[in-house]
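A quick write-up on the structure given underneath.
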Amino acid sequence: MAEKEESNPAGAPPAPESGSAPAAEGGEEGAATTSKKAAKKAEAKAKKEAEKARKAAERAAAAAASGQGGGATEDLAKDNYGNVREGKKVQVSSEAAEISLKSLDESHVGKTVVLRAWIQNARQQGAKMAFVELREEGAWTIQGVLTASAEGAPVSRPMVKWVAGISPESFVVVEATVQKPLEPVKSCRVAQYELHVTKCFVLAAAPTVLGMTLAASNRAVTNFSDEEPQPDKSVEAAVEKLSVADPAATAIPAASMLTHLNNIVMHKRSPVQQAIADIRAEVKDLFRTYLKSHGFKEFEPPCLIGAASEGGANVFRLPYFDREACLAQSPQFYKQMEIAGGRKRVFSIGPVFRAELSNTPRHMTEFTGLDMEMEIKEDYREVIFMLEGALLHIFRGIKERCPTELELVRSVYPCEEFLLPEDGKEVRLTFAEAQKLLREEGPEEFRNVPDDEDMSTPQEKALGAVIRKKFGTDFYVIDRFPEGARPFYAKLSDEDPKVTNAYDFFMRGQEILSGGQRIHDPEELEARIRQKGIDPASPGIKEYVDVFRQAGCPAHGGGGIGLDRVVAWYLNLPSVQLAAFYPRTPKRLLP
Ligand code: ATP
């Protein structure tokens with residue numbers, strides 16, 4: 001157990017560096033001035049003494065290192081710390097339990113434990129004390145304290161100095177006793193306990209200057225340009241030592257997405273990115289579990305295909321032995337093949353590729369599709385209700401499963417709560433109703449929007465704002481898109497052939513899902529293909545129509561959801577790139 005010979009008890013968090021001596025709060029003005037002066041004087045004195053102690057420790061360490069110490073030469077703690085790369089052997093007690101910060105509790109108090117973690121911050125206070133912030137995955141942090149004892153073991157002054165000098169983001173293993181601090185350590189996620197470190201070994205050292213500090217990587221990204229901005233080295237250096245929890249961290253300018261991706265490891269280490277990744281994983285799981293509980297079977301469509309699945313220009317083509325292959329722009333045709341092949345309800349989760357040269361916050365060249373397809377019994381709205389149910393399940397599930405992650409993301413990317421409709425009051429408008437609403441209640445510039453043309457992105461966003469105000473929801477469905485706005489496979493409405501049984505779903509005024517009833521009758525399909533001016537014998541199209549000729553296929557419909565957009569718009573992130581693990585844009589294929 002560490003000795004407590006310091007005037008500052010080992011349990012107390014490090015005193016503020018300067019400027020915030022806790023004097024004079026709430027007192028009379030005169031008394032306040034006097035105690036302020038006294039505090040300043042005491043602070044100056046403490047600083048002087050700390051400096052003296054630091055120099056003495058430096059001298060002692062130098063003497064120990066050169067082996068001439070004139071008295072106190074041997075470092076009795078020398079086996080308790082060091083860098084494995086420099087040949088130091090890790091010696092931690094085999095009896096000490098390996099802990100993870102997430103599961104630290106009262107039963108650990110007073111026990112010796114072993115922790116593998118990253119050094120988030122380390123600093124020396126006087127000659128005998130050092131504070132280290134240790135971090136594990138998921139922004140779990142704890143304060144570690146080192147106090148040199150009079151005997152020089154288990155912790156010596158050279159050890160204190162050495163540990164305080166470890167570069168942030170180095171990976172270490174420590175042996176320590178779990179203690180309760182005098183006051184909760186507010187700057188750490190584990191506030192109720194601290195570690196009194198007795199051994200510390202660097203397993204993998206970080207460079208002394210990081211390409212991007214953790215504090216910078218945890219700030220909001222606002223610049224998503226693929227062009228390199230000039231890095232401001234002075235700012236990077238100034239923030240080097242800051243903790244992510246430090247209020248001063250808010251003064252750090254945000255790094256661009258390019259800087260983030262060029263420093264992928266620090267990007268990944270930022271607590272906010274880890275929280276986004278955890279939320280993303282839950283969204284995927286919620287989608288899967290909801291559909292499975294409604295009788296859907298998972299399947300895997302191919303990514304490599306022989307002809308463009310959606311046609312058009314935005315397809316990636318690549319050499320495939322002696323011919324050309326395409327990367328799938330959608331799993332839709334394969335979902336339909338599954339239905340034609342005797343499945344009633346199917347879903348898939350996988351990559352989708354689009355050769356879109358658009359640098360918008362909504363587009364990437366690769367994204368993850370959450371896709372489903374199902375047999376329709378009576379009415380295509382059965383599919384709308386299923387998709388709506390799945391998305392509401394996801395939105396409610398995120399709130400329930402990820403409260404800490406949501407709080408963390410919102411501390412970096414503040415936003416208004418994502419509003420959901422009350423049960424039974426889901427907002428479903430036809431395209432014509434939505435356009436009418438926009439004409440009547442939207443901004444002036446949209447007074448004349450027509451009912452037979454697709455909406456532009458600004459129109460969609462304006463409509464989102466009108467719907468939020470009028471219906472109190474950020475999630476809604478627009479159904480019955482005009483015939484001209486949908487592809488050849490969209491089933492026309494029986495009541496009005498100018499519109500289709502096709503829909504889009506929106507979050508905060510932005511599209512996240514497209515879907516509809518597909519034509520399942522081969523003759524009807526062929527006729528629509530001709531009406532759209534496409535040759536039914538063209539590659540890909542012929543094979544598609546033939547699927548419905550091979551055997552009778554039931555009426556069916558489905559939809560494709562962009563996972564990246566669901567995550568990004570739920571959190572109101574400035575770009576889908578932040579929701580992706582490794583965003584692909586027209587200019588970026590690495591890392
Ligand atoms: P947009 O008009 O926004 O470009 P789209 O109509 O091309 O989208 P669909 O082909 O209908 O989109 O794809 C279904 C869903 O896949 C979209 O609602 C969206 O969530 C997602 N999505 C489509 N393209 C992209 C992309 N380039 N990057 C990220 N997600 C996308």
Side-chain angles (χ1 to χ4, degrees), residues 224 226 257 280 283-284 287 301 308-316 326-336 347-373 383-384 387-388 390-391 394-395 431 453-461 463-464 474-479 481-482 484-490 500-518 557-571 573-588:
F224 292 87
D226 277 323
M257 193 63 189
R280 180 186 169 105
V283 171
K284 228 158 94 168
F287 176 75
S309 39
E310 295 270 311
N314 60 0
V315 58
F316 286 111
C326 299
L327 289 179
Q329 297 150 289
S330 153
Q332 190 194 310
F333 293 174
Y334 293 91
K335 291 189 295 182
Q336 292 189 260
F347 74 96
S348 68
I349 300 177
V352 179
F353 304 90
R354 301 276 169 96
E356 287 169 318
L357 245 182
S358 38
N359 293 303
T360 76
R362 313 186 305 284
H363 293 100
M364 292 184 294
T365 48
E366 179 179 346
F367 64 92
T368 300
L370 305 175
D371 279 84
M372 64 81 105
E373 200 75 19
V383 191
I384 294 188
L387 283 164
E388 205 177 55
L391 281 155
I394 289 171
F395 302 141
F431 186 85
E453 268 174 36
D454 208 351
M455 278 186 223
S456 65
T457 305
Q459 280 172 30
E460 286 177 352
K461 286 200 173 158
L463 182 67
D474 285 311
F475 171 61
Y476 51 90
V477 177
I478 311 274
D479 185 17
F481 269 68
R486 296 310 249 213
F488 65 83
Y489 49 71
T500 56
N501 289 352
Y503 35 80
D504 279 1
F505 285 25
F506 292 82
M507 287 172 68
R508 299 191 200 266
Q510 306 204 63
E511 181 205 318
I512 51 131
L513 176 154
S514 253
Q517 180 175 3
R518 336 289 186 185
I561 305 170
L563 169 61
D564 311 80
R565 287 195 193 173
V566 171
V567 175
W569 305 158
Y570 186 86
L571 299 171
L573 302 178
S575 167
V576 276
Q577 291 185 38
L578 287 166
F581 282 100
Y582 299 95
R584 290 286 174 260
T585 62
K587 288 206 176 154
R588 183 164 278 277

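Start at 1 and go down the list; that is how both ligands and their atoms are numbered.
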Would I512 count as being in polar contact with ligand 1, using the rule that some N or O on each side must be under 3.5 angstrom apart?
yes

I561 side, atom CD1; L391 side, atom CG - distance, nearest 0.5 Å:
4.0 Å

Please work out which of the three classes, parallel, tilted or perpendicular, describes the rings of Y570 and F395, given edges at 30° and 60°.
parallel

Per-residue contact class, Q329 against ligand 1 - non-hydrogen pairs under 4.0 Å
neither

Under 3.5 Å: N/O of I561 near N/O of ligand 1
no

Test item: T365 side-chain N/O and R584 main-chain N/O as donor-acceptor pair under 3.5 Å
yes

In ligand 1, the atoms that come under 4.0 Å of a heavy atom of L513 are 18 (O)

Are the side chain of Y503 and the backbone of I478 linked by a donor-acceptor contact shorter than 3.5 Å?
no

When you look for heavy atoms under 4.0 Å from ligand 1, do you find them on the side chain of D564, its backbone, both, or neither?
neither

So, does R362 use its side chain to make a donor-acceptor pair with the main chain of I512 at under 3.5 Å?
no

In terms of the angle between their ring planes, are F481 and F431 parallel, tilted or perpendicular, with boundaries placed at 30° and 60°?
tilted

If I apply the N/O under 3.5 Å rule, does G560 come out as touching ligand 1?
no

Which of the listed options, E511, M364, R584, holds the heavy atom that is closest to atom 17 (C) of ligand 1?
E511

What are the atoms of ligand 1, with element, lying closer than 4.0 Å to any heavy atom of R354?
7 (O), 9 (P), 10 (O), 12 (O), 13 (O), 23 (C), 24 (N)

Would you kindly specify which portion of H363 sits under 4.0 Å from ligand 1, judged on non-hydrogen atoms: side chain, backbone, both or neither?
both

Do any nitrogen or oxygen atoms of V576 come within less than 3.5 Å of a nitrogen or oxygen of ligand 1?
no

Quick one: does any side-chain atom of K284 pair with a main-chain N or O of L370 as donor and acceptor, under 3.5 Å?
no

